[in-house]
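Have a look at the structure below, then the notes.
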Amino acid sequence: MENLRVAIIGGGWAGISAAATLLRHASRPLQITLFEAGKQLGGRARNVQLDQYVLDNGQHILMGAYHDTLQLWQQLGVIEHEVVRRQPFCLQVVQGQQTVLKYQLPTSGPHWWRLLQAGLTVQGLSLPECWALMRAIGALLTQPISSHLTVAQWLAQTRQTPHLIRKLWEPLVLAALNTPLSTASMRVFAQVLRDSVFAGASASDLLLPTQPLSALLALPALSFLQQNGVSCCLQQRVKRVQAVEQGALVDGVFYHAVIVATAPQHTAALLTQPLPDWPQWGYHPIATVYCRYAEQVKLPCPMVGIAGGLGQWVFDRQSLYGENGMIAVVISGPGEHLSWSQDELIRHVTTEISACFAAPQPLWARVVVEKRATFACVAGREVPQSTPWPHIYLAGDYLIADYPATLESAVRSGKLAATQLLNQYQ
């Protein structure tokens, strides 16, 4: 039987997932070539060199609900406890040096009881706010949500107070969707909560990375794919993909099937024939400010939110990664800070860290900005289902309608594209 020649364009988490799925489920010989324009696999989840430090291009967290990612790790030989710290869901938010909210799921008992107990014992909320939170949780679990409803509209419908929004909902939505409340999709946000926090003990667990992003997938994937016969072409940018009879041409070379696993703006540019009804995509940035201190900054837990601040989430990288005195401060979404110089941004962030955690001035600080970190997860977002050509498939986090731009949605989309391909040829 003739080898099925497959090209995968893009070596991010979607492309890696597609290649691994093909290897796992193919019932006929495959010849797979993976093209990646960058120096390393990983896409938007990669390492960067900042002076003498090798850090991440942004701080990521995973959830116990990331079943496809966990399955992919298992296939690649990645051992969960060696790359992430699994802990029960806990959301702690400070304002100044005061903890203004702590929502923590108990570790035992039926899940409905854990949710009830957590909702009624939230630290930092008044009794009316606790009841408002329980009312919102009840609505999330029982009521259908329109695809055109924004988070801000839903919060108004469930009568959430301004303090509760500032302390809980806003940092949670920005962390999950990287989109302002005024435009963020409530249906997607509800799906994320239902699949994770409200789904059960293991699904609600936080998986906090303890290794650089390359160790989470890129390096083990490269080794695994090469050992299994996949040709991984790094620093090779594909310029065009053209549908032809019985296959597609990748820069003039014939393949029986092609999976395009690039960001949507690159996907449209790659395909020589225009895609019908291709949506106009919006994007939101994420800025990460890395600060190195002479000694460990005393955070109450490895991941802490800041209510009403410029920096929204602070990560203790000494506790998680063993990087002495290093913290990462994440600023999600658009804002005035994007027009500031790096020095201005560092000054604002370090002032907040000093006010919240009594930290001195850092010895070193740098900023990493991903201008197109995620697509804008807005209410009513259109999602293309496929290409009009039978041998070209799409993969990428933007294709999963009920999820935001997460590592899990990228993995899931790659798995789906590979499964569609295999169904056609086997």
Side-chain angles (χ1 to χ4, degrees), residues 50-56 58-61 85 87-105 118 121-126 129 162-175 206 208-210 212 286-333 335-338 340-369:
L50 298 177
D51 297 333
Q52 70 269 38
Y53 303 107
V54 178
L55 298 166
D56 300 324
Q59 186 69 47
H60 289 71
I61 64 171
R85 177 189 298 179
Q87 65 181 47
F89 183 83
C90 179
L91 187 67
Q92 187 159 350
V93 180
V94 302
Q95 191 167 28
Q97 296 188 31
Q98 178 184 3
T99 296
V100 294
L101 182 138
K102 186 174 183 181
Y103 179 92
Q104 185 167 4
L105 286 173
T121 59
V122 181
Q123 295 181 28
L125 298 186
S126 65
E129 286 176 327
H163 285 147
L164 189 54
I165 292 172
R166 187 183 73 253
K167 292 187 290 188
L168 173 63
W169 295 115
E170 185 171 33
L172 198 56
V173 171
L174 287 172
L206 295 173
L208 302 178
T210 58
I286 296 179
T288 306
V289 182
Y290 287 102
C291 301
R292 168 77 193 281
Y293 292 86
E295 57 185 41
Q296 185 174 14
V297 176
K298 300 298 183 182
L299 304 183
C301 56
M303 182 182 79
V304 183
I306 299 178
L310 173 64
Q312 296 145 359
W313 293 96
V314 185
F315 292 83
D316 183 352
R317 290 183 66 93
Q318 180 166 333
S319 171
L320 292 170
Y321 299 79
E323 298 170 351
N324 293 336
M326 188 76 74
I327 68 167
V329 183
V330 177
I331 308 169
S332 296
E336 181 188 359
H337 64 278
L338 295 173
W340 298 347
S341 69
Q342 185 168 126
D343 287 343
E344 286 179 297
L345 185 53
I346 289 171
R347 185 166 60 253
H348 277 82
V349 166
T350 54
T351 298
E352 282 189 354
I353 298 306
S354 296
C356 292
F357 309 111
Q361 285 299 301
L363 302 175
W364 172 94
R366 291 291 184 275
V367 181
V368 177
V369 179

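- Residues passing the side chain to side chain contact (heavy atoms under 4.5 Å, CB included) test with Gln123, sequence neighbours excluded: Lys102.
- Summarising the geometry, atom OG1 belonging to Thr351 is positioned 10.5 Å from atom CG belonging to Leu310; distances are rounded to the nearest 0.5 Å.
- Residues Cys291 and Ile327 form a side-chain contact, since some pair of their non-hydrogen atoms from C-beta on lies under 4.5 Å apart.
- At a threshold of 4.5 Å between non-hydrogen side-chain atoms, the residues Val122 and Leu101 count as touching.
- Between Phe89 and Tyr103, the ring planes are perpendicular. Angles over 60° get that label, and only those under 30° would be called parallel.
- Nearest approach of Gln59 to Thr288, heavy atoms of both residues: N-OG1, 3.9 Å.
- No donor-acceptor distance shorter than 3.5 angstrom exists from the side chain of Arg85 to the backbone of Pro302, with no hydrogens or angles considered.
- Rounding to the nearest 0.5 Å places CE of Met326 at 13.0 Å from CG of Leu320.
- Partner of Met303 under the side-chain contact (heavy atoms from CB on, under 4.5 Å) criterion, out of Val330, Ile61, Asp316: Ile61 alone.
- The closest side-chain heavy-atom distance from Leu50 to Val368 is below 4.5 Å.
- Expressed to the nearest 0.5 Å, how far CD of Glu344 lies from CZ of Arg347 amounts to 5.5 Å.
- Closest heavy-atom contact between Pro360 and Ser354: O-OG, 4.1 Å.
- In this structure, the separation between NZ on Lys167 and CG on Leu172 is 14.5 Å, given to the nearest 0.5 Å.
- Among the candidates Val349, Val94, Leu299, Val297, the single residue satisfying the side-chain contact (heavy atoms from CB on, under 4.5 Å) test with Val314 is Leu299.
- Among all heavy-atom pairs drawn from Cys301 and Gln92, the shortest one is SG-OE1, 3.8 Å.
- The closest side-chain heavy-atom distance from Arg317 to Tyr290 is below 4.5 Å.
- Using a 4.5 Å heavy-atom threshold, the side chains of Leu174 and Trp313 count as separate.
- Taken from CD1 in Ile306 to CD1 in Ile353, the straight-line distance is 4.5 Å, to the nearest 0.5 Å.
- Contact record, Leu105 with Ala118: CD2-CB, 3.9 Å, taken as the closest heavy-atom pair.
- Looking at residues two or more places apart in sequence or on another chain, you find no side chain to side chain contact (heavy atoms under 4.5 Å, CB included) involving Glu295.
- Closest approach of Val329 and Gly311 over heavy atoms only: CG1-CA, 3.7 Å.
- Under the side chain to side chain donor-acceptor pair (under 3.5 Å) rule, Tyr53 has a single partner from Arg366, Glu323, Arg292, which is Arg292.
- What you find for Lys298 and Phe357 is that their closest heavy atoms are O-CD2, 4.0 Å.
- Using a 4.5 Å cut-off on side-chain heavy atoms (C-beta onward), Ile331 and Gln312 make contact.
- Side-chain atoms of His348 and Trp340, non-hydrogen and from C-beta on, do get closer than 4.5 Å to each other.
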